[in-house]
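Order of the sequence lines fixes the chain letters, A, B, ..., with proteins taken first and strands second; residue numbering starts at 1 for each chain.
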Protein chains: 2
Amino acid sequence: MNSTITYHTGQRDAVLDCFSRNSGKQLTAGDIAADLLTRGSRIGNATIYRTLDYLEKEGRIRKFIDENGRQACWQLTVGSEGCSDHYHLKCHKCGTVVHLECELAAQLDEHIQAEHHFVIDRAATIFYGLCEACQAAAVSREEAK
Amino acid sequence: MNSTITYHTGQRDAVLDCFSRNSGKQLTAGDIAADLLTRGSRIGNATIYRTLDYLEKEGRIRKFIDENGRQACWQLTVGSEGCSDHYHLKCHKCGTVVHLECELAAQLDEHIQAEHHFVIDRAATIFYGLCEACQAAAVSREEAK
DNA sequence: TTGCGTGCAAAGGTTTTGCATGGCA
DNA sequence: TGCCATGCAAAACCTTTGCACGCAA
């Protein structure tokens, strides 16, 4: 893969910095614009989208689709493989993404390939559900009724 | 569940019929409009969206988000549980969706809940990859080079 | 006749594109 | 200096909403 880095610009740093300060979270284009505004730098939205595209092609970040399907959001990649070697669990409620390093999941992968003749694209597959914190919150909300 | 069926209209039949003739596929609102056009019936797009919402609430179809995240697509539900009891495999290339009835997948489910403290929403989770037919096609295309 | 369903057009939000300008190397 | 990157505004795109009319029961 050919990383065609050309120029090093302040806007690119600013976007990456924004991800660093919000590590573990996935941000929409709007989130990033808002975050940068509070820090005094105003970046055109076209630039934000182009920068995100660029960083995604570089493998620095990964793109997800928000549940409502109306917005894209991005997140820093994890690990040397750039998140292509494990599955992701995404919480419906809070949006947190967990990187699933799991032996059984790898087995399922092989099983589906061998028995169901379907080659899975791990990087593209996301498990949706509820994370631990949001389960607890849901329970206490039930009790409050 | 309270099925508030009120009127029985030709447009509703037409949309459902469209799903029947494309069983196993996921259709976007645009797909449906185009398909109906070729059959001579023209339906306003607002009606299509409202009909899809209605059918979804009835549990007849399920809504998914297309990989690119720009479009919603819908598919006939399968089984008495309405597709909530199994995973789905979707082919990146041809778009076909396979309903995965698999013991190992169910085990993974329990494992993730027990060990990773994450409750998976099977109905919302889709495995992406390549189906058998498209794998074969990819191979023969390689050989043709 | 009643009120739900429909079609059209306009509005809504996110993302992309065109073009002139600015800035990095 | 030569390109690439940026910003602005307009366009494109999918989806939702408002409103008047038509049609099922």
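- The interatomic distance linking A:Arg42 (CZ) with D:dC8 (C1') rounds to 10 Å, in whole Å.
- In terms of phosphate contacts, A:Thr47 brings a side-chain nitrogen or oxygen within less than 4.0 Å of OP1 or OP2 of D:dG7.
- Contact annotation: side chain of B:Arg50 to base of C:dG7, donor-acceptor pair present below 3.5 Å.
- In this structure, B:Tyr49 does not reach the D:dT16 phosphate: none of its side-chain N or O atoms is under 4.0 Å from OP1 or OP2.
- A:Ile32 has its CD1 atom 10 Å from the P atom of C:dT15, to the nearest Å.
- Ring geometry, A:His92 versus A:Tyr128: the interplanar angle falls under 30°, so the pair is classed parallel (tilted spans 30 to 60°).
- Which of D:dT16, C:dT16, C:dG5 sits closest to the side chain of B:Asn45 comes down to D:dT16.
- In terms of polar N and O atoms assigned as donor or acceptor, the side chain of A:Tyr7 comes within less than 3.5 Å of the base of D:dC3 in a complementary pairing.
- Residue B:Gln11 has a polar side-chain atom (N or O) positioned under 4.0 Å from OP1 or OP2 of C:dG7.
- For the pair B:His116/A:Leu100, a side-chain contact is recorded, criterion being any heavy-atom separation below 4.5 Å from C-beta on.
- Note: CG (B:Leu52) to P (C:dT6) measures 11 Å, nearest angstrom.
- Taking 4.5 Å as the limit, some side-chain heavy atom of A:Glu56 sits within range of a side-chain heavy atom of A:Trp74.
- The interatomic distance linking A:Arg12 (CZ) with C:dG22 (P) rounds to 19 Å, in whole Å.
- The neighbour count for A:Arg42 CZ, taken as heavy atoms of other residues, nucleotides or ligands under 6.0 Å away, does not exceed 12.
- Considering only side-chain N and O atoms, B:Thr6 lies under 4.0 angstrom from the phosphate OP1 or OP2 of C:dG5.
- In terms of phosphate contacts, B:Thr9 brings no side-chain nitrogen or oxygen within less than 4.0 Å of OP1 or OP2 of D:dA24.
- Here the P atom of nucleotide C:dG5 and the CG atom of B:Leu16 are 14 Å apart, to the nearest Å.
- B:Leu36 has its CG atom 12 Å from the P atom of C:dT6, to the nearest Å.
- Distance CD1 (B:Ile65) to P (C:dT14): 15 Å, rounded to an integer number of Å.
- A:Glu56 places its CD atom 14 Å from the C1' atom of C:dT15, with the value rounded to the nearest Å.
- When distances are taken from the side chain of B:Ala29 to each of D:dT15, D:dG7, C:dT15, the shortest belongs to D:dT15.
- Judged by distance alone, the side chain of B:Gln135 and the main-chain N or O of B:Leu130 form a donor-acceptor pair under 3.5 Å.
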